[in-house]
Amino acid sequence: MSWQPRRLGIIGGNGWLGRAMAEAMLGSGWLPPDALWLSGRTLPAQPLISGQPVHWTTDNQQLLNQCDAVILSLRPQDFFALSLRAENTLLISVMAGISVAELSAHAACSAVVRCMPNAAIAIRGSYSPWLASAEVSAAQRRWVQSMLSTWGSEDELEEEDHLHYLTGLSGSGPAFPALLGRAMSEHALSRGLPAHVVNRAVEGVLVGASPLLAGQNEGPARVAQRFLDYQGTTAAALITMIQEGFEQAIHHGLQAAEQAAFNMTPETMNSRTPDSVPVGAPRTKGDS
Ligand SMILES: NC(=O)C1=CN([C@@H]2O[C@H](COP(=O)(O)OP(=O)(O)OC[C@H]3O[C@@H](n4cnc5c(N)ncnc54)[C@H](O)[C@@H]3O)[C@@H](O)[C@H]2O)C=CC1
Ligand SMILES: O=C(O)[C@@H]1CCC=N1
């Protein structure tokens, strides 16, 4: 048996992710524009890139009345101020750190899905792990899978802790190669190379070489080892980077993101600064 909502809504539909999700679902032909409702605090200054005639509203209740599946795509710190009753709605959250239990309690809704896409939705290349409350039926799960497939690839998870962890690893996704690229650019520019050459060299590394790593389990580890075994100039760079703490910095960064996701409470949401979540700090929410 299949499940199909009459209409799908996105609360926060004018944001970075909201617009990207809408474009992906429309652009793939998965959703007709008339079946999509988007809400924002104000009506958008710009239509969707695709120019498709979707419904826009500033009234979240109107959106809820129209739609039987609704994606929550507002910032976590705006969630608890949102007045929401979604009893008969399949509620799908992309928000970092707001648990299934919190979603369910705040929205008076038992059928809840959490997923964690990343900014690569814009090119339909997101990896989006997700999990569902027990009240989400098998048919609804299949529908969720098909929706997430328009954003890129997906995996259903069993444990919410794993979603908190992946909020950093894959949810932050494009930010990490971007940081690597920034460090490489800064160094090359400091050595006097022309900016256009630096830009093309870094893009070649991050974008051109990435397909080398695609689709292979353990791919990055094998590729790195092959260069280490070669014992050439690349190994000189890798050995120095490893000795200088490259991997430790990555591990600490992922741990900091996990802690930030796990400890997202109304108190921490508005007060997070780069050093406000110490690495290795004890977990404070939940019992695991
Ligand atoms: N940007 C990213 O790369 C990722 C973001 N996320 C999650 O996605 C969610 C959305 O993130 P972004 O799109 O980046 O944020 P954003 O700030 O670009 O968009 C949020 C939108 O929600 C709107 N909004 C706030 N309160 C509202 C209300 N009461 N009713 C209707 N609209 C309201 C804002 O005006 C804004 O347009 C966040 O919870 C974030 O944790 C998850 C994975 C990746
Ligand atoms: O940086 C953030 O808070 C969002 C949530 C997960 C990835 N990006």
Side-chain angles (χ1 to χ4, degrees), residues 9-24 37-48 54-67 70-86 91-100 102-103 106-107 112-131 148 151-154 160 162-179 253-266 268-274 276-277:
I10 305 178
I11 295 180
N14 197 28
W16 181 356
L17 222 51
R19 292 179 78 94
M21 292 185 287
E23 300 279 10
W37 279 71
L38 304 175
S39 79
R41 282 185 175 134
T42 54
L43 290 175
Q46 304 284 337
L48 292 176
V54 299
H55 303 275
W56 284 98
T57 181
T58 54
D59 181 348
N60 291 322
Q61 194 53 52
Q62 186 192 18
L63 179 146
L64 277 165
N65 294 345
Q66 290 293 331
C67 302
V70 170
I71 301 175
L72 293 175
S73 185
L74 59 174
R75 298 282 183 108
Q77 54 269 42
D78 292 326
F79 171 65
F80 289 103
L82 186 70
S83 170
L84 202 61
R85 290 201 70 79
L91 202 62
I92 302 153
S93 167
V94 297
M95 294 181 294
I98 310 283
S99 69
V100 168
E102 287 168 323
L103 289 161
H106 186 69
V112 173
V113 169
R114 281 193 66 197
C115 58
M116 191 49 59
N118 65 41
I121 289 183
I123 53 158
R124 299 185 52 201
S126 172
Y127 172 64
S128 307
W130 59 283
L131 63 94
L148 297 181
W151 306 354
S153 57
E154 52 76 33
E160 191 154 22
H162 294 172
L163 196 76
H164 285 311
Y165 178 78
L166 291 170
T167 298
L169 192 147
S170 54
S172 305
F176 300 139
L179 187 65
L254 292 177
Q255 199 175 340
E258 181 188 23
Q259 291 288 338
F262 193 85
N263 289 326
M264 202 168 276
T265 64
T268 61
M269 282 174 199
N270 290 315
S271 64
R272 184 158 292 114
T273 62
S276 66
V277 184

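What you are looking at is a predicted structure, and each value in this text was computed from that prediction instead of being measured. Order of listing sets the numbers, starting from 1, for every ligand and every atom in it. Side chains included, hydrogens not; waters and symmetry mates left out as well; all remaining heavy atoms used. Throughout, numbering of the chain's residues begins at 1 and tracks the sequence.
For atom 7 (C) of ligand 2, the nearest non-hydrogen atom of the protein is Gly171 O, 3.3 Å. At the shortest separation from atom 7 (C) of ligand 1 among protein heavy atoms lies Val94 O, 3.2 Å. The closest protein non-hydrogen atom to atom 1 (N) of ligand 1 is Trp16 CE3, 3.6 Å. Protein heavy atom in closest approach to atom 5 (C) of ligand 2: Ala96 CB, 3.7 Å. Nearest protein heavy-atom contact of atom 19 (O) of ligand 1 is Gly15 CA, 3.2 Å. Residue, atom and distance of the protein heavy atom nearest to atom 20 (C) of ligand 1 are Ser73 O, 3.6 Å. Here the heavy atom of the protein found nearest to atom 44 (C) of ligand 1 is Pro117 O, 3.6 Å. Among all protein heavy atoms, the one lying closest to atom 33 (C) of ligand 1 is Arg41 CG, 3.9 Å.
Here atom 5 (C) of ligand 1 lies nearest to Leu17 when heavy atoms of Leu17, Thr58, Ile10 are compared. Between atom 32 (N) of ligand 1 and the options Gly18, Ala20, Ala96, Gly40, the minimum heavy-atom separation is to Gly40. The option with the heavy atom closest to atom 30 (N) of ligand 1, from among Thr42, Leu72, Asn60, is Asn60.
Counting the atoms of ligand 1 from 1 in the order shown, those under 4.0 Å from a heavy atom of Gly12 are 21 (C), 22 (O), 23 (C), 31 (C), 32 (N). Ligand 1 places these atoms under 4.0 Å from at least one heavy atom of Asn14: 37 (O).
For the pair Leu43 and Asn14, the minimum side-chain heavy-atom distance is 4.5 Å or more. The shortest side-chain heavy-atom distance between Leu38 and Thr57 does not fall under the 4.5 Å cut-off. Within the 4.5 Å cutoff, the side chain of Val70 has heavy atoms near those of the Leu63 side chain. Counting heavy atoms from C-beta outward, Leu48 and Glu23 have side chains that approach closer than 4.5 Å.
Of the N or O atoms in Gly171, none lie within a sub-3.5 Å distance of an N or O in ligand 1. Taking only nitrogen or oxygen atoms, main chain and side chain alike, Leu74 reaches within less than 3.5 Å of ligand 1. Considering backbone and side-chain atoms alike, Arg75 places an N or O below 3.5 Å from some N or O of ligand 1. Considering backbone and side-chain N/O of Met116, none are found under 3.5 Å from N/O of ligand 1.
Side chain of Arg19 to backbone of Pro47: a donor-acceptor contact under 3.5 angstrom is found. Side chain of Ser99 to backbone of Glu102: a donor-acceptor contact under 3.5 angstrom is found. When atom types are taken as modelled, the side chain of Glu160 and the backbone of Val100 share a donor-acceptor pair closer than 3.5 angstrom.
A side-chain contact (heavy atoms from CB on, under 4.5 Å) with Trp151 is found for one member of Val94, Asn118, Leu17 and no other, namely Val94. Exactly one residue among Leu84, Val112, Ile98 makes a side-chain contact (heavy atoms from CB on, under 4.5 Å) with Leu72. That residue is Leu84.
A donor atom on one side chain and an acceptor atom on the other are found under 3.5 Å apart for Ser39 and Asn60.
Proximity of Leu82 to ligand 1, defined as any heavy-atom pair under 4.0 Å, is confined to the side chain (atoms from C-beta onward). With a heavy-atom cut-off of 4.0 Å, Asp78 touches ligand 1 through its side chain alone.
Between His55 and Trp37, the ring planes lie parallel to each other; the angle is under 30°, not in the 30° to 60° tilted range.
From Met264, atom CE reaches atom CZ of Phe79 across 12.5 Å, with rounding to the nearest 0.5 Å.
Counting only heavy atoms, the protein never gets under 4.0 Å from atom 2 (C) of ligand 2.
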